[in-house]
**Q** 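Quick one: structure below, then a few questions.
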Amino acid sequence: MVGEINVIDLISFLGDELIDVCGDPRGVQIDGIVKTGSVGKRKLDWVNSSRLNKQQLAEKSLSTAVIVDGSVEMSTIMLDSNKVLLRVRSPRNAVGMIGNHFFVEKLSSFIHTTAVIDARASLPSSVFIGPNTVLGNCVLGERVVIHDKVTIADDVEIGNDVHIYSGAVLGTNGLGCYRNRMGSLQVFPHLGKLIIMDDVVIGANCSISRGSLSDTIIEEGTKINALCFIAHNCLIGKNVLITGSSMLNGSVQVGDNATIFSQVIIRDQARIGNNSIVGMGSVVTKDVPPNEVWIGNPARFLKKNDR
Amino acid sequence: MVGEINVIDLISFLGDELIDVCGDPRGVQIDGIVKTGSVGKRKLDWVNSSRLNKQQLAEKSLSTAVIVDGSVEMSTIMLDSNKVLLRVRSPRNAVGMIGNHFFVEKLSSFIHTTAVIDARASLPSSVFIGPNTVLGNCVLGERVVIHDKVTIADDVEIGNDVHIYSGAVLGTNGLGCYRNRMGSLQVFPHLGKLIIMDDVVIGANCSISRGSLSDTIIEEGTKINALCFIAHNCLIGKNVLITGSSMLNGSVQVGDNATIFSQVIIRDQARIGNNSIVGMGSVVTKDVPPNEVWIGNPARFLKKNDR
Amino acid sequence: MVGEINVIDLISFLGDELIDVCGDPRGVQIDGIVKTGSVGKRKLDWVNSSRLNKQQLAEKSLSTAVIVDGSVEMSTIMLDSNKVLLRVRSPRNAVGMIGNHFFVEKLSSFIHTTAVIDARASLPSSVFIGPNTVLGNCVLGERVVIHDKVTIADDVEIGNDVHIYSGAVLGTNGLGCYRNRMGSLQVFPHLGKLIIMDDVVIGANCSISRGSLSDTIIEEGTKINALCFIAHNCLIGKNVLITGSSMLNGSVQVGDNATIFSQVIIRDQARIGNNSIVGMGSVVTKDVPPNEVWIGNPARFLKKNDR
């Protein structure tokens with residue numbers, strides 16, 4: 001599906017990410033990018049900055065073109081084998097940029113015939129809507145990609161460049177329940193919106209509830225991995241990472257740049273401060289201040305987050 | 001979608017829930033009900049009984065009609081601003097009643113053309129079946145609401161007024177597995193039913209298995225929030241609340257009026273007693289007696305539940 | 001749906017599993033198989049080897065045909081009531097074999113008209129594809145059963161006799177994210193395959209990601225229960241049991257014959273050794289050696305697994 005790419009073109013694409021190029025890139029081509037060390041001559045190889053023996057890994061690579069950080073030197077072994085070293089500030093970032101730009105298939109604007117779309121829904125012509133997806137009375141921004149069998153209920157507003165994976169259910173009622181005097185469970189009404197801002201990604205089979213009397217809001221750049229449940233009235237800030245199978249109860253607030261690792265549970269009303277980290281499997285029962293790392297059941301302070 | 005509502009009509013609707021009315025409700029109308037403190041003149045405001053400064057919140061409300069409990073008094077400030085106080089036994093309950101009755105859109109009986117329904121399925125004309133939902137050889141009660149892309153497999157019986165949200169998968173085989181003498185995994189046959197009784201609510205993307213040799217049963221009034229997994233042969237009593245992302249292994253029994261908070265895991269065969277509470281993130285490895293609160297990993301007795 | 005079955009036929013079907021038969025099976029028929037002790041005359045009853053009072057349970061059974069292990073003797077009470085005892089090596093295994101063979105409905109090859117199948121997909125005529133299932137550019141083996149509203153994305157390879165339950169999402173991008181120098185979240189490209197080998201079972205509403213630069217692989221005979229999330233690049237060995245609601249982060253490796261109980265979370269890159277067991281609700285933060293049992297948050301060594 002993707003043909004051959006000139007390393008010369010990678011070099012100009014990398015821009016500021018590139019430190020310098022060692023060797024002669026003219027005429028060198030790659031046709032893929034795969035896992036470190038498993039590559040052949042025509043694949044782009046790379047050495048992550050976190051590896052211990054970076055120089056050796058680069059020298060032993062079977063590939064002609066290798067992405068490394070500035071600590072790796074062009075050696076005579078590499079020169080003799082006509083290697084091209086692309087020295088970059090962050091090899092992981094460079095590989096991510098190249099992979100997403102040159103090798104990930106782009107979904108062009110399209111609405112599958114099996115999608116079921118409410119007549120009141122507002123969606124620009126730039127969106128992608130996969131098979132069997134159901135859209136209620138919602139508003140979608142530009143270039144939104146919604147894969148197959150997603151549910152977008154009524155009163156959901158989605159910004160630009162949002163990406164939603166298969167099976168996600170967005171904007172249905174949560175289950176803010178209370179017991180009445182007789183002890184019976186009453187479902188509190190859900191009348192608020194679900195608002196998802198630009199550049200958000202939502203993973204497969206997530207469930208995100210609309211607000212009850214206020215709104216549920218997910219701000220710009222936040223990424224939520226598969227099988228998470230975000231309950232009514234949650235306020236998730238900008239650029240938050242939630243890495244999968246986590247559960248945020250009603251009215252949780254998560255600050256900008258926070259990271260919630262996998263299968264975390266957060267008590268209703270609790271607040272996670274800006275730039276804080278909650279370790280995987282944690283049970284958060286009280287507020288986590290900004291710039292801290294918390295772990296455990298119940299979650300406790302581990303250290304400051306100096307990132 | 002909802003027009004204006006006379007406060008006079010709210011008063012007659014509230015019935016026993018109402019203690020008394022202070023001020024003159026005649027001619028006062030509301031057109032919505034939103035979060036405490038964020039309201040304008042035409043919205044119904046309310047002050048939850050758990051708030052500290054209830055009198056002050058009621059006085060400062062921008063709304064003409066405010067729901068409060070019996071501890072809030074009609075003051076001269078309120079009189080001067082022509083406020084109407086609806087004093088009720090439980091403001092939360094009153095708001096819930098009003099919201100559900102006047103503002104939540106009712107789904108009338110309807111079967112979407114894209115629903116795939118087994119010819120043997122038995123469903124009365126009062127049901128609502130959303131797009132892309134798949135019904136096997138099942139029995140549905142009156143006024144059942146099944147949202148879009150739900151799966152109801154064969155041998156599922158659903159009572160009256162049950163509400164099932166998008167993406168739920170009900171009545172498929174679980175995975176009661178055992179290792180045979182060679183160590184290979186064998187799936188135990190699932191031949192039992194899934195029986196869901198009246199007034200149950202099941203959240204988005206839940207998975208509830210049919211029984212293996214007996215039945216899986218969920219009794220009247222129980223509410224199960226999104227992304228829960230209830231395995232084969234579980235017996236869930238009446239009026240149980242399971243608040244999301246929890247996992248009940250095979251043959252778990254949960255007593256009436258119990259509460260299972262979020263992301264709890266319960267060992268197979270374990271029993272949760274009537275009116276007991278399991279705290280969020282708990283790992284229940286043994287039986288929880290009635291009227292107790294347990295938390296932790298592994299879950300341990302915390303206190304009696306005096307509710 | 002299933003008629004009457006001669007006990008004589010069960011006997012020949014059981015083969016090596018049978019030790020011997022006590023009583024006269026000629027003319028005895030059963031028409032079902034249900035939970036121990038709840039049976040009537042025409043149902044097959046059985047006594048699990050783990051029960052304490054096996055002899056008594058067998059004697060009190062209302063059924064004519066009872067499956068027991070070799071420790072149960074044919075008594076005069078049984079003789080007088082014309083019971084037939086089928087003595088087997090493992091009653092549970094025998095009941096599993098009989099249930100699956102005689103009573104579980106087989107799904108014959110079939111493609112529902114509402115399935116949405118990419119023109120490039122390769123699928124033999126022996127597969128079963130349920131309603132609203134979406135298949136991308138994938139390869140399916142013989143006799144694969146895919147229930148309704150499953151998603152199989154591009155670049156997924158599925159072996160023979162694989163069984164996938166409703167709502168599963170297989171082969172979509174995971175969310176291998178990293179923060180760039182500005183702190184923004186970048187999604188790492190997902191270019192690898194998802195490879196599922198023979199005899200695997202995947203439960204309802206699971207999400208399994210394709211690889212990023214290498215592949216995600218699930219080997220022969222492994223069973224994964226509902227609502228699990230297996231992230232990019234995971235390598236799951238042969239005959240592994242994952243019992244539900246668990247989350248395996250990126251590049252986790254699980255050895256052959258391992259058992260991951262419910263709602264476990266495993267850190268990225270961690271390895272679970274062959275034949276090891278991780279207890280339910282565990283949070284695995286480091287490698288688990290082979291043949292060990294680990295539990296807790298964080299998970300710790302409990303004992304050797306002598307199985």
Side-chain angles (χ1 to χ4, degrees), chain B residues 114 116 132-134 136 149-151 153-154 167-170 172-181 183-192 205-209 211-215 227-229 231 233 245-250 263-268 281-285 297-299, chain C residues 32-36 38 46 89-90 92-93 95-101 103-105 112 114 130-132 147-149 163 165-167 199 201 203-206 221-227 239-246 257 259 261-264 275 279-283 295-297 307:
Chain B
T114 60
V116 177
N132 295 332
T133 276
V134 177
K149 66 184 177 77
V150 168
T151 299
D154 293 343
V169 176
L170 306 185
T172 56
N173 287 7
L175 210 72
C177 264
Y178 61 99
R179 290 190 190 271
N180 65 16
R181 276 185 300 283
S184 292
L185 291 163
Q186 304 298 315
V187 178
F188 204 72
H190 286 71
L191 301 167
N205 284 346
C206 281
S207 172
I208 305 184
S209 305
S212 55
L213 298 182
S214 57
D215 299 326
L227 284 165
C228 288
F229 176 15
N233 299 3
S245 296
S246 285
M247 200 287 181
L248 278 57
N249 280 287
Q263 217 171 75
V264 164
I265 166 82
I266 305 183
R267 200 205 60 202
D268 61 295
S282 297
V283 178
V284 179
T285 58
N297 177 1
Chain C
I33 167 169
V34 287
K35 190 184 175 186
T36 305
S38 65
W46 66 294
R89 297 167 74 179
S90 160
R92 181 152 72 158
N93 194 41
V95 167
M97 289 168 66
I98 291 168
N100 285 322
H101 185 82
F103 295 101
V104 170
E105 196 175 5
H112 197 275
T114 60
N132 295 334
H147 285 266
D148 63 289
K149 67 184 177 76
H163 204 115
Y165 283 100
S166 306
D199 293 310
V201 179
N205 284 348
C206 282
T222 284
K223 318 292 182 205
I224 299 174
N225 214 336
L227 285 166
N239 219 14
V240 170
L241 177 61
I242 305 181
T243 67
S245 295
S246 286
N257 302 305
T259 302
F261 280 109
S262 313
Q263 217 171 78
V264 164
N275 198 36
M280 65 184 201
S282 298
V283 178
I295 60 163
N297 177 1
R307 191 186 57 202

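Order of the sequence lines sets the chain letters (A, B, ...), proteins ahead of strands, with each chain counted from 1. Here the structure is a predicted model, which means the values were calculated and not measured. The figures that follow rest on heavy atoms only: side chains count, while hydrogens, waters and symmetry mates do not.
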**Q** Return the SG to CD1 distance between B:Cys177 and C:Ile242, rounded to the nearest 0.5 Å.
**A** 11.5 Å
**Q** When only pairs under 4.5 Å are counted, which of C:Gly244, C:Gly296, C:Ser90 shares the most heavy-atom pairs with chain B?
**A** C:Gly244
**Q** Under 4.5 Å from any heavy atom of chain C, what part of B:Ile208 do you find: side chain, backbone, both or neither?
**A** neither
**Q** Tell me, for B:Ala168 versus chain C, whether the close heavy atoms (under 4.5 Å) come from the side chain, the backbone, both or neither.
**A** backbone
**Q** Side chain, backbone, both or neither: which part of B:Thr172 has a non-hydrogen atom closer than 4.5 Å to chain C?
**A** side chain
**Q** With a 3.5 Å cut-off and no angle check, do the side chains of C:Ser262 and B:Arg267 form a donor-acceptor pair?
**A** no
**Q** Judged by atom type as modelled, is there a donor-acceptor pair below 3.5 Å linking the side chain of C:Asn239 to the main-chain atoms of B:Gly183?
**A** yes
**Q** Go through the steps for C:Glu105 and B:Asp154 under the test side chain to side chain contact (heavy atoms under 4.5 Å, CB included), then give the verdict.
**A** CA-CA 11 Å; C:Glu105 196 175 5; B:Asp154 293 343; 4.1 Å; yes
**Q** Does any heavy atom of chain B fall under 4.5 Å from the side chain of C:Ile224, the backbone, both, or neither of them?
**A** backbone
**Q** Measure across B:Gly167 and C:Asn205 and return the closest heavy-atom pair with its distance rounded to 0.1 Å.
**A** O-ND2, 3.2 Å
**Q** Are the side chain of C:Asn93 and the backbone N or O of B:Asn180 linked by a donor-acceptor pair below 3.5 Å?
**A** no
**Q** Hey, what do you get for CD1 (B:Ile266) to CE (C:Met280), rounding to the nearest 0.5 Å?
**A** 8.5 Å
**Q** With side chain to side chain contact (heavy atoms under 4.5 Å, CB included) as the test, would you mind laying out the steps for C:Val95 and B:Phe188 before giving the verdict?
**A** CA-CA 8 Å; C:Val95 167; B:Phe188 204 72; 3.8 Å; yes
**Q** How long is the straight-line distance from CD1 of B:Ile265 back to OG of C:Ser246, given to the nearest 0.5 Å?
**A** 7.5 Å
**Q** So which atom in C:Asn100 and which in B:Val187 form the shortest heavy-atom distance, rounded to 0.1 Å?
**A** ND2-O, 2.8 Å
**Q** Where on B:Ser209 is there a heavy atom nearer than 4.5 Å to chain C: the side chain, the backbone, both, or neither?
**A** neither
**Q** How long is the span from the CG atom in B:Leu185 to the CG atom in C:Asn257, to the nearest 0.5 Å?
**A** 8.0 Å
**Q** Determine, step by step, whether B:Arg179 and C:Thr259 satisfy the side chain to side chain contact (heavy atoms under 4.5 Å, CB included) criterion, reporting the C-alpha distance in whole Å, the side-chain angles of both residues, the deciding distance to 0.1 Å, and the verdict.
**A** CA-CA 10 Å; B:Arg179 290 190 190 271; C:Thr259 302; 3.0 Å; yes
**Q** In terms of heavy-atom pairs under 4.5 Å with chain C, which of B:Val134, B:Thr285, B:Thr151 leads?
**A** B:Thr151
**Q** Within this structure, what is the OG-CG distance for the pair B:Ser207 and C:Asn225, rounded to the nearest 0.5 Å?
**A** 7.5 Å
**Q** Which of the residues B:Val283, B:Val169, B:Asp268 is involved in the greatest number of heavy-atom pairs with chain C at under 4.5 angstrom?
**A** B:Val169
**Q** Any sub-3.5 Å donor-acceptor pair from C:Gln263's side-chain atoms to B:Gly281's backbone N or O?
**A** no
**Q** Mind checking what makes side-chain contact (heavy atoms from CB on, under 4.5 Å) contact with C:His112, not counting sequence neighbours?
**A** B:Val116, C:Phe110, C:Thr114, C:Pro131
**Q** Only pairs of heavy atoms separated by less than 4.5 Å count here; which of C:Ile295, C:Asn297, C:Leu241, C:Ile98 has the most with chain B?
**A** C:Leu241
**Q** Where on C:Leu227 is there a heavy atom nearer than 4.5 Å to chain B: the side chain, the backbone, both, or neither?
**A** side chain
**Q** Please check: side-chain N/O of C:Asn132 versus main-chain N/O of B:Lys149, any donor-acceptor pairing under 3.5 Å?
**A** no
**Q** Kindly write out the residues that satisfy ring-ring contact (aromatic ring centres under 6.0 Å, His included) with B:Phe229, not counting sequence neighbours, or none if the list is empty.
**A** none
**Q** Please rank C:Ala204, C:Ala226, C:Gly99 by heavy-atom pairs under 4.5 Å with chain B and give me the top one.
**A** C:Ala226
